[in-house]
Amino acid sequence: LLAGAGLPAGQVIGASDAHGAEPVERPIHPAELTATIYRVLGFDPNHVQLSDGDAEFPLAETQPMSELVG
């Protein structure tokens with residue numbers, strides 16, 4: 001799914017059931033994927049951004065995938 005940007009190649013993270021329908025080991029959540037993409041682009045995923053209403057929120061609400069970015 002991810003390639004380039006200095007990420008290690010050829011990694012398999014987690015495992016699925018015999019039918020490939022459900023994760024049985026290390027499910028990856030969309031927020032983790034988003035945080036990982038931000039990290040490899042050079043953004044701190046925990047950095048606070050301001051919206052039009054001055055509400056503060058982090059770029060991602062979780063940590064990047066440690067298997068890929070440490």
Side-chain angles (χ1 to χ4, degrees):
L1 177 65
L2 299 175
L7 294 173
Q11 289 220 358
V12 176
I13 300 171
S16 63
D17 63 14
H19 302 285
E22 299 288 330
V24 294
E25 180 184 311
R26 181 61 172 102
I28 304 296
H29 301 282
E32 288 178 280
L33 182 59
T34 302
T36 303
I37 292 169
Y38 279 131
R39 173 69 54 84
V40 299
L41 289 174
F43 296 102
D44 178 359
N46 296 313
H47 180 75
V48 173
Q49 295 290 313
L50 299 177
S51 70
D52 290 337
D54 291 331
E56 296 183 357
F57 60 95
L59 292 173
E61 295 182 1
T62 189
Q63 296 300 313
M65 297 164 52
S66 61
E67 298 90 344
L68 296 178
V69 296

Practice item. Measure across Phe43 and Leu59 and return the closest heavy-atom pair with its distance rounded to 0.1 Å. Key: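 Smallest heavy-atom distance, with atoms named: CB-CD1, 4.0 Å.
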
Practice item. Give the minimum heavy-atom separation between Ser16 and Gly20, together with the two atoms involved. Key: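 Closest heavy-atom pair between Ser16 and Gly20: OG-CA, 3.5 Å.
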
Distance-only check: which donor-acceptor pairs under 3.5 Å involve side-chain atoms of residues 60-70, not counting sequence neighbours?
residue : atom : partner : partner atom : Å
Glu67   : OE1  : Arg26   : NH2          : 3.2
Glu67   : OE2  : Arg26   : NE           : 2.7

Review point. Can you get from Leu7 to Val12 by hopping between Ile, Leu, Val, Met, Phe, Trp and Tyr side chains that sit under 4.5 Å apart?
Key: no

Exercise for review: Nearest 0.5 Å please: distance from the NE2 atom of His29 over to the OG1 atom of Thr34.
Suggested key: 12.5 Å

Practice item. State whether the number of non-hydrogen atoms from other residues, nucleotides or ligands found under 6.0 Å of Glu22 atom CD is greater than 12. Key: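 No, the 6.0 Å shell around CD holds no more than 12 heavy atoms from other groups.
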
